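Note sheet for the following structure.
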Amino acid sequence: MKSYQKVLSRENCVLSSAGAVKLGDREIKKLKPQVPHWKVIKTGGVKKLRRVFLFKDFSRALAFTVKIGRLADAQDHHPAILTEWGQVTATLWTHKTNGLSRNDFILAAKIDAL
């Protein structure tokens with residue numbers, strides 16, 4: 001089994017200081033099918049992963065935000081999170097690489113599993 005075929009949600013993020021590697025288009029294309037609901041976007045020239053989660057009310061959106069926060073702390077990889085009435089938008093990228101790293105795909109898969 002090739003490394004990109006591993007189940008991302010079972011992996012753990014590695015510390016960026018341990019050598020985060022910015023992914024190229026080829027690697028992104030290989031990992032993207034494991035997080036199909038996430039979009040690859042580009043803002044300010046930086047590639048990021050983004051997903052919008054919908055909820056029936058603010059309380060549920062806020063509870064989900066807290067779950068993401070706890071997961072992010074446990075993985076030591078923190079997304080930008082926007083919590084609004086009925087929705088949570090999570091955006092992932094690796095600051096150290098100024099783009100996407102494997103950690104972003106791992107955390108996206110783990111968020112999907114919540």
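Since this is a predicted model, take the numbers as computed values, not measurements.
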Residues forming a ring pair (Phe, Tyr, Trp, His ring centres under 6.0 Å) with F64, sequence neighbours excluded: F53, F55
Residue pairs passing the side chain to side chain donor-acceptor pair (under 3.5 Å) test where at least one lies in residues 61-71, sequence neighbours excluded: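 Listed by first then second residue: T65-T83.
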Side chain to side chain donor-acceptor pair (under 3.5 Å) contacts touching residues 35-47 (sequence neighbours left out): D25-K47, W38-D112, T43-K48
Once you round to the nearest 0.5 Å, how far does [atom1] of [X] lie from [atom2] of [Y]?
X: L107; Y: I111; atom1: CG; atom2: CD1; value: 4.0 Å
X: T89; Y: I81; atom1: OG1; atom2: CD1; value: 10.5 Å
X: I28; Y: K22; atom1: CD1; atom2: NZ; value: 8.5 Å
X: F105; Y: L92; atom1: CZ; atom2: CG; value: 9.5 Å
X: R60; Y: L62; atom1: CZ; atom2: CG; value: 13.0 Å
X: I106; Y: Q34; atom1: CD1; atom2: CD; value: 9.5 Å

Transitive ILVMFWY side-chain link V66 to L114, under 4.5 Å: no
Please report the shortest heavy-atom distance between [X] and [Y], naming the atom on each side.
X: S101; Y: L23; value: C-CD1, 3.6 Å
X: L8; Y: A109; value: CB-CB, 3.7 Å
X: H77; Y: P79; value: O-CD, 3.7 Å

Residues E11, R102: salt bridge by 4.0 Å N-O rule: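 So E11 pairs with R102 through a salt bridge.
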For H78, side-chain contact (heavy atoms from CB on, under 4.5 Å) partners two or more places apart: A72, D73, D76
side-chain contact (heavy atoms from CB on, under 4.5 Å) partners for A80, two or more places apart: T91, W93
Hydrophobic cluster of V52, others only, ordered by chain and residue number, side-chain cut-off 4.5 Å: L54
Audit row: D104, T94, side chain to side chain donor-acceptor pair (under 3.5 Å) steps and yes/no: CA-CA 7 Å; D104 300 305; T94 302; 2.7 Å; yes
Side chain Q87, main chain E84, donor-acceptor under 3.5 Å: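 Judged by distance alone, no pair lies under 3.5 Å.
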Residues R51, L49; criterion side chain to side chain contact (heavy atoms under 4.5 Å, CB included); working and verdict: CA-CA 7 Å; R51 181 168 179 195; L49 287 176; over 6 Å; no
Test item: K29 and R26 side chains (from C-beta on) under 4.5 Å apart, heavy atoms: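 No, side chains not in contact.
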